[in-house]
Amino acid sequence: MKVLIFGFSVTAENNGYVERCAALCPEHEISKIAIGGMQPYHARHLISDIVRKHQPEVLIVEQSTAAYRLRPGDQRSIDDHTATMGQLFHFCKQFGMKTGILDLPLVGVDEDADWLLRCHEGLSQQYNVPQ
């Protein structure tokens with residue numbers, strides 16, 4: 001199976017979590033695209049070209065290590081992130097790709113007050129996407 005992990009700077013690390021995953025799952029072709037220095041809302045503008053170029057069967061979305069997760073989870077941030085993720089899920093469904101959400105920890109985030117994880121939990125249920 002051809003798997004693409006789409007994330008941020010932590011995804012770009014050499015010999016990082018993507019390479020460890022690939023070593024554990026040699027039966028799958030696992031690759032990565034990292035958009036370090038950007039924020040999750042950029043994903044909705046980049047995803048179509050990325051998917052067309054790499055043609056994955058599975059897209060794993062790592063949106064939890066961007067710095068904007070450290071901001072307060074006001075309704076505007078939640079609505080914007082929900083719109084971005086909804087567009088990603090819709091795009092994947094349109095192209096027949098399986099999709100998953102990968103939530104990695106981020107230093108400085110209190111998980112009990114983490115608006116992004118709560119948002120992803122709701123999106124996971126709404127779109128029937130594993131988290």
Side-chain angles (χ1 to χ4, degrees):
M1 187 172 301
K2 195 171 180 180
V3 178
L4 178 63
I5 301 174
F6 179 56
F8 293 91
S9 56
V10 69
T11 299
E13 289 179 355
N14 291 324
N15 298 317
Y17 79 90
V18 176
E19 289 77 14
R20 287 190 289 245
C21 179
L24 292 171
C25 305
E27 69 278 13
H28 301 293
E29 180 184 333
I30 300 174
S31 58
K32 62 185 176 183
I33 292 292
I35 56 171
M38 296 188 182
Q39 296 301 327
Y41 55 83
H42 290 111
R44 61 184 170 220
H45 305 290
L46 301 171
I47 194 64
S48 63
D49 288 341
I50 289 169
V51 165
R52 284 187 179 98
K53 179 179 178 183
H54 294 274
Q55 300 182 345
E57 297 168 81
V58 176
L59 181 70
I60 298 175
V61 183
E62 186 283 295
Q63 299 280 296
S64 58
T65 59
Y68 96 151
R69 183 177 175 191
L70 298 170
R71 296 187 322 205
D74 60 17
Q75 195 58 50
R76 182 175 172 219
S77 296
I78 292 168
D79 291 347
D80 186 57
H81 189 70
T82 298
T84 294
M85 295 297 281
Q87 285 181 356
L88 293 177
F89 298 147
H90 176 74
F91 183 83
C92 289
K93 184 177 180 181
Q94 181 181 3
F95 282 85
M97 291 182 297
K98 296 178 181 179
T99 312
I101 302 169
L102 174 61
D103 286 323
L104 297 173
L106 184 63
V107 173
V109 174
D110 175 9
E111 286 191 23
D112 293 332
D114 189 351
W115 66 272
L116 193 72
L117 288 182
R118 287 192 311 273
C119 185
H120 286 176
E121 288 170 4
L123 289 165
S124 174
Q125 293 174 6
Q126 179 182 349
Y127 289 94
N128 195 29
V129 171
Q131 179 187 21

Return yes when atom CD of Glu57 has more than 12 non-hydrogen atoms of other residues, nucleotides or ligands closer than 6.0 Å, and no otherwise. yes
If you count the non-hydrogen atoms of other residues, nucleotides and ligands that lie under 6.0 Å from CD in Gln94, is the total more than 12? yes
Going from [atom1] on [X] to [atom2] on [Y], what distance comes out if it is rounded to the nearest 0.5 angstrom?
X: His54; Y: Asp49; atom1: NE2; atom2: CG; value: 10.0 Å
X: Phe95; Y: Leu59; atom1: CZ; atom2: CG; value: 12.0 Å
X: Lys2; Y: His28; atom1: NZ; atom2: NE2; value: 14.5 Å
X: Ile30; Y: Tyr17; atom1: CD1; atom2: OH; value: 11.0 Å
X: Thr11; Y: Phe6; atom1: OG1; atom2: CZ; value: 9.5 Å
X: Asp110; Y: Trp115; atom1: CG; atom2: CH2; value: 15.0 Å

Evaluate side chain to side chain contact (heavy atoms under 4.5 Å, CB included) for Glu19 paired with Glu13, printing each intermediate quantity in order. CA-CA 9 Å; Glu19 289 77 14; Glu13 289 179 355; 6.0 Å; no
Connected via hydrophobic side-chain network under 4.5 Å: [X] and [Y]:
X: Leu102; Y: Phe89; result: no
X: Ile47; Y: Ile35; result: yes
X: Met97; Y: Ile60; result: no
X: Val61; Y: Val58; result: no
X: Leu4; Y: Leu46; result: yes

Could you check whether any side-chain heavy atom of Leu106 comes within less than 4.5 Å of a side-chain heavy atom of Leu116, counting everything from C-beta outward?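 Not touching, per the 4.5 Å side-chain cut-off.
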Nearest heavy-atom neighbours spanning [X] and [Y]:
X: Arg20; Y: Asn15; answer: NH1-O, 4.1 Å
X: Arg118; Y: Ala113; answer: NH1-C, 3.4 Å
X: Arg69; Y: Leu104; answer: NH1-O, 2.8 Å

Distance-only check: which donor-acceptor pairs under 3.5 Å involve side-chain atoms of residues 77-87, not counting sequence neighbours?
{"residue": "Ser77", "atom": "OG", "partner": "Arg71", "partner atom": "NH2", "Å": "3.2"}
{"residue": "Ser77", "atom": "OG", "partner": "Asp74", "partner atom": "OD1", "Å": "2.8"}
{"residue": "Asp79", "atom": "OD1", "partner": "Gln75", "partner atom": "NE2", "Å": "2.7"}
{"residue": "Asp80", "atom": "OD1", "partner": "Arg44", "partner atom": "NH1", "Å": "3.4"}
{"residue": "Asp80", "atom": "OD1", "partner": "Arg44", "partner atom": "NH2", "Å": "2.9"}
{"residue": "His81", "atom": "ND1", "partner": "Tyr68", "partner atom": "OH", "Å": "2.3"}
{"residue": "His81", "atom": "NE2", "partner": "His120", "partner atom": "NE2", "Å": "2.7"}
{"residue": "Thr82", "atom": "OG1", "partner": "Ile78", "partner atom": "O", "Å": "2.8"}
{"residue": "Thr84", "atom": "OG1", "partner": "Arg44", "partner atom": "NH1", "Å": "2.8"}
{"residue": "Thr84", "atom": "OG1", "partner": "Asp80", "partner atom": "O", "Å": "3.2"}

Name every donor-acceptor pair, under 3.5 Å, that has one atom in a side chain of residues 121-131 and the other anywhere in the protein, sequence neighbours excluded.
{"residue": "Ser124", "atom": "OG", "partner": "Val129", "partner atom": "O", "Å": "2.4"}
{"residue": "Gln131", "atom": "NE2", "partner": "Asp103", "partner atom": "OD2", "Å": "2.6"}

